[in-house]
Structures are given as C-alpha cells and as structure tokens.
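A quick write-up on the structure given underneath.
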Amino acid sequence: MGNSWFMYFIVFWAFVMLGFMSIGGYFMFRKFLKVLPQRDGKSKLDWQNYWVERSRGMWPEDSKTFLERLVAPVPGAFRDIARHSIAAKIAQVAVESGATEVSEKHCIEGYIRATPKRDYRSLISFLEKQNIDYSPYKHLLNK
C-alpha cells in the first residue's frame, strides 16, 4: 500500500514527459519543414535570408524603429525569429514594388502578409491600439 503512491507518481511523470516530448517534437518538425527545399530548390528560410540580404541597405532608421514597434507584442523568446520573417516579407514587398527605400507603407503591408490568418484578430487589435492606419490593406485580411 505504501508504494502505490510512488507508482502513481512515476506514471504521472511519464505522461508529463511524454507530453513535453510531443510538444518539442511538434516544433522541431515545423522547423524541419521550413528548411525543406520547395519546387524552386530553395527553402523558406533560404528565401527569407535572400530578401533580408537583398534589402540590407534599403532600411532607414525610422523603418527599423517601426519594425521594432511591430514585433513588440511577440514574446521575447520568439521575437528574433519573428523579426527576421517579418523583415523578409517587408523587404520582398519593397523590392518587388521597385522602391529604393523601405517605407512605413511597406512595413504595414509586409507585416500583414507575414502574419498567419489565425492571428489576424490580434493583428487588427494591435494595429488599432497603435493607431496605425491599415485601411489600404484591408483586402489582404479578407483572403
């Protein structure tokens, strides 16, 4: 009778460890999918690095500050990754539009394009709290 509580304790921790390993495996698998080559031979991360490098000299200080403002709600542990992927999408928007410099308009459009659909509600509330006019890009939120 005295050892049964210890057995339940061991079984409980086995399930906790299995849960943690499953969660970690899920995130590792998502990262693995990002580095797999697409049809063009480059992975999603390769494209992000390409756009960031291509726009390296196009970022004025006010656009960098605005990018920091946009990634502020992202938890600290994920902020660097989010900043890189959002900056890549902003750079892609700026370069494809033929601009010589990244503007606030490019930042807003790239931020919306980089945000997954499941996060649109929090994206909209954040933009409204920050008094950022996103009305020219509402059509991107309806896709």
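All residue numbers in this chain count up from 1 along the given sequence. The model shown is predicted, which means the values in this text are computed figures rather than measured ones.
Residues meeting the side chain to side chain donor-acceptor pair (under 3.5 Å) test with Trp59, sequence neighbours left out: Ser55.
Ring-plane geometry between Trp13 and Phe9 is classed as perpendicular, the angle between the planes exceeding 60 degrees on a 0 to 90 degree scale with a lower cut at 30.
Counting all heavy atoms, side chain and backbone alike, Asp133 lies closest to Ser135 at OD1-OG, 2.7 Å. Ile124 and Tyr134 make their closest contact through CG2-OH, 3.2 Å (heavy atoms, listed as atom of the first residue, atom of the second, distance). Considering every non-hydrogen atom in both Cys107 and Val102, the closest pair reads SG-CG1, 3.9 Å. Considering all non-hydrogen atoms of both residues, Ala114 and Ser85 come closest at CB-O, 4.4 Å.
With rounding to the nearest 0.5 angstrom, the OG atom of Ser125 is 10.5 Å from the CG atom of Asp119.
In summary, the side chains of Thr65 and Asp62 do not present any donor paired with an acceptor at a separation below 3.5 Å, with no hydrogens or angles considered.
Grouping the Ile, Leu, Val, Met, Phe, Trp and Tyr side chains by contacts below 4.5 angstrom, directly or via other members, places Leu140 with Tyr120. Transitive grouping of hydrophobic side chains (ILVMFWY, heavy atoms separated by less than 4.5 Å) brings Leu123 and Tyr137 into a common cluster. A continuous path of hydrophobic side-chain contacts links Met58 to Trp51 [ILVMFWY only; heavy atoms under 4.5 Å]. Both Ile112 and Ile86 belong to a single network of hydrophobic side chains, linked directly or stepwise wherever heavy atoms of I, L, V, M, F, W or Y lie under 4.5 Å apart. Under the 4.5 Å side-chain heavy-atom criterion for ILVMFWY residues, no single connected hydrophobic cluster contains both Ile10 and Phe15.
In this structure, the side chains of Tyr111 and Ile132 stay at 4.5 Å or more apart for every pair of heavy atoms. His84 has its side chain within reach of Asn49: a pair of non-hydrogen atoms, C-beta onward, lies under 4.5 Å apart. Side-chain contact between Ile108 and Phe66 is present, with heavy atoms from C-beta onward closer than 4.5 Å.
Using a distance-only test at 3.5 Å, with no hydrogens or angles considered, a donor-acceptor pair links the side chain of Arg69 to the main chain of Gln130.
Paired with Ser97 under the rule side chain to side chain donor-acceptor pair (under 3.5 Å), one option of Gln92, Glu109, His106, Lys105 passes, and it is His106.
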Please tabulate, for the side chains in residues 20-30, all donor-acceptor contacts under 3.5 angstrom to protein atoms that are two or more places apart in sequence or on a different chain.
{"unit_1": "Ser22", "atom_1": "OG", "unit_2": "Leu18", "atom_2": "O", "d": "2.9"}

What donor-acceptor contacts under 3.5 angstrom involve side-chain atoms of residues 70-82, with partners at least two apart or in another chain?
{"unit_1": "Arg79", "atom_1": "NE", "unit_2": "Val71", "atom_2": "O", "d": "3.4"}
{"unit_1": "Arg79", "atom_1": "NE", "unit_2": "Val74", "atom_2": "O", "d": "3.1"}
{"unit_1": "Arg79", "atom_1": "NH2", "unit_2": "Ala72", "atom_2": "O", "d": "3.2"}
{"unit_1": "Arg79", "atom_1": "NH2", "unit_2": "Val74", "atom_2": "O", "d": "2.7"}
{"unit_1": "Asp80", "atom_1": "OD1", "unit_2": "Arg83", "atom_2": "NH1", "d": "2.7"}

(request) Determine, stepwise, if the pair Tyr50 / Trp47 fulfils ring pair (Phe, Tyr, Trp, His ring centres under 6.0 Å). (result) CA-CA 5 Å; Tyr50 168 78; Trp47 278 113; 5.4 Å; yes
